[in-house]
Amino acid sequence: MLKKIKKIIFFFLQFFVKKKISTTFQNGIEFKVETRDKLGESWNLINEYDLSEFQVFTKLNKNDVKIVHYYGCHQSMIPIKIHKIFLPDSKFYCFEAIDRNYQIGLNNIKLNNCENKMQIFNEAISDKNGYEYFDFFSLNSFRTKKKLLSKKIKSSRLENIFERYGRPDLIYFDIEGLEGVVIEDSIKILKAWKNYLFIESHGDETMKNYGFTNILLYKLLKKHNYSLYKLNQNYKSDNEKFIKIENENEIPTNRYYLLAVN
């Protein structure tokens, strides 16, 4: 109960942060960033050269990536940076369940003149089509069965998203522990063409809420002939950015980044 009260207080404190437009530089490129909360500021005003999400480009040919799907794009700044730094000619389809983040993300896309290459949808990625409930007092998209203190959001399976927007060459998953059930639901479709999956595997403590673990996700992808790599914790200093995973004993129980290649 105390944890819930703290979350509610933190949520409302965000509204006392003044909306502002900032300028930041990353990899020598200028970005405009709208912020309305402290969490958005801490995530979106980063100007480090090498973000975790950038490392996938050490493993693939950028010319092969025509379509990118980004599930859980928050306020869109990471996909915007990927577009401007690495993939200026690719099409991006971004999905964000939390309406507040979606609205800011929409504005950030416009601020950075990405409308011709990037679309964002206020939609949850799920293992079912229809509508689901998400924690109203979270700035991340945590699915809940409780209707009290939750918000109803449109949800879609990957199969339906692919039908609408095409088969992506690169998919980013940052969906707060739902990555296991969502990928399991659509694995037979996913393995049908060449793709790269960059997954923020949220760890056993979070994924257990949906009946999954890091190891179960690893086994699922391995069974369907994906080659699997984990992002080196020392990727910023080491030349080897990804470490190939040979067996399940190498899978951590906490949050880590997983790259799957078929």
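All values derive from a computational prediction rather than experimental measurement. Values below: every heavy atom of this structure, side chains too, minus hydrogens, waters and symmetry copies.
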Nearest heavy atoms of Gly72 and Ile175, plus distance in Å: N-CG2, 4.1 Å
Exercise: identify the closest heavy-atom pair between Gly177 and His202: N-ND1, 3.5 Å
Check: Thr206 side chain, Glu176 main-chain N or O, donor-acceptor pair, under 3.5 Å: no
Donor-acceptor under 3.5 Å (Ser186 side chain, Ile189 main chain): no
Separation between CG of Leu178 and CD1 of Ile183, rounded to the nearest 0.5 Å: 10.5 Å
Residues which pass ring pair (Phe, Tyr, Trp, His ring centres under 6.0 Å) with Phe162, listed by chain and number, not counting sequence neighbours: His69, Trp193
Ile82 vs Val56 side-chain heavy atoms within contact, under 4.5 Å: no
Smallest separation among heavy atoms of Leu217 and Ser201, with atom names: CD2-OG, 3.8 Å
Side-chain donor/acceptor of Asp169 to backbone N/O of Ile67, under 3.5 Å: yes
Donor-acceptor pair, side chain of Tyr235 and main chain of Ser52, under 3.5 angstrom: yes
Side-chain donor or acceptor of Glu96 paired with backbone N/O of Ser76 under 3.5 Å: no
Phe57 reachable from Leu197 in the ILVMFWY side-chain graph, under 4.5 Å edges: no
Separation between CG of Leu259 and OG1 of Thr58, rounded to the nearest 0.5 Å: 8.0 Å
Asn113: side-chain hydrogen bond (donor to acceptor under 3.5 Å, both in side chains) partners, not counting sequence neighbours: none
Side-chain donor-acceptor contact under 3.5 Å, Asp204 with Thr253: no
Joint hydrophobic cluster, Phe31 plus Leu45, side-chain heavy atoms closer than 4.5 Å: yes
Smallest separation among heavy atoms of Ser156 and Arg164, with atom names: OG-NH2, 2.9 Å
Residue pairs, two or more places apart or on separate chains, that pass salt bridge (charged side-chain N to carboxylate O under 4.0 Å, His left out) and touch residues 243-262: Glu200-Arg255, Lys219-Glu248
Min side-chain heavy-atom separation Ile46-Leu51 under 4.5 Å: yes
Lys241 side chain vs Leu231 backbone, donor-acceptor pair below 3.5 Å: no
Residue list, side-chain hydrogen bond (donor to acceptor under 3.5 Å, both in side chains) with Asn232, at least two apart or on another chain: Asp238
Verify same cluster id: Leu60, Ile243 (apolar side-chain graph, 4.5 Å): no
Other residues, nucleotides, ligands: >12 heavy atoms within 6.0 Å of Asn116 CG: yes
Heavy-atom pair of closest approach, residues Cys94 and Met118: SG-CG, 4.0 Å
Backbone N/O of Asn101 and side chain of Gln103: donor-acceptor pair under 3.5 Å: no
Side-chain touch Glu205/Lys208, heavy atoms, less than 4.5 angstrom: yes
Side chain to side chain contact (heavy atoms under 4.5 Å, CB included) between Leu258 and Tyr218, worked out: CA-CA 9 Å; Leu258 175 66; Tyr218 162 79; 5.6 Å; no
4.5 Å side-chain heavy-atom contact, Phe173 and Leu158: yes
Residue pairs, two or more places apart or on separate chains, that pass salt bridge (charged side-chain N to carboxylate O under 4.0 Å, His left out) and touch residues 222-231: none
Donor-acceptor contact below 3.5 Å, side chain Asn108 vs main chain Glu34: yes
Side chain proximity check, Asn44 to His74, heavy atoms < 4.5 angstrom: yes
Main-chain N/O of Arg36 paired with Arg100 side-chain donor or acceptor, under 3.5 Å: yes
Full working for side chain to side chain contact (heavy atoms under 4.5 Å, CB included) between Tyr256 and Ile251: CA-CA 9 Å; Tyr256 79 110; Ile251 304 297; 3.7 Å; yes
Atom pair CG/CZ of Leu190 and Arg167 - distance to nearest 0.5 Å: 9.5 Å
Step-by-step side chain to side chain contact (heavy atoms under 4.5 Å, CB included) determination, Val182 to Phe212: CA-CA 11 Å; Val182 166; Phe212 244 86; over 6 Å; no
By ring pair (Phe, Tyr, Trp, His ring centres under 6.0 Å) - contacts of Phe121 (at least two apart): Phe95, Tyr165
pair Val65-Phe86: side-chain heavy atoms closer than 4.5 Å: no
Salt bridge (charged side-chain N to carboxylate O under 4.0 Å, His left out) contacts in which one or both residues fall within residues 180-192, not counting sequence neighbours: Arg157-Asp185
Note, Asn27 side chain near Phe54 side chain (heavy atom, < 4.5 Å): yes
Gln26: partners by side-chain hydrogen bond (donor to acceptor under 3.5 Å, both in side chains), with sequence neighbours left out: Lys81
Path from Ile21 to Ile80 over hydrophobic side-chain contacts below 4.5 Å: no
Transitive ILVMFWY side-chain link Met207 to Tyr210, under 4.5 Å: yes
Point-to-point distance, once rounded to the nearest 0.5 Å, from CG of Asp37 to CD of Gln75: 5.0 Å
Heavy-atom side-chain contact between Asn47 and Phe25 under 4.5 Å: no
Considering all heavy atoms, the nearest Tyr93-Gln119 contact: CE2-OE1, 3.3 Å
Remaining members of hydrophobic cluster (4.5 Å side-chain criterion), Ile104: none
Contacts of type ring pair (Phe, Tyr, Trp, His ring centres under 6.0 Å), residue Phe198, not counting sequence neighbours: Tyr172, Tyr257
Test item: side-chain donor near acceptor, Thr23 and Lys32, under 3.5 Å: yes
Residue list, side-chain hydrogen bond (donor to acceptor under 3.5 Å, both in side chains) with Glu115, at least two apart or on another chain: none
Straight-line distance of Leu221 CG to Leu228 CG, nearest 0.5 Å: 5.5 Å
Flag, side chain of Asn262 to backbone of Ser227, donor-acceptor distance under 3.5 Å: no
Salt bridge (charged side-chain N to carboxylate O under 4.0 Å, His left out) partners of residues 50-66, not counting sequence neighbours, each pair once: none
Point-to-point distance, once rounded to the nearest 0.5 Å, from OH of Tyr71 to OG of Ser126: 12.5 Å
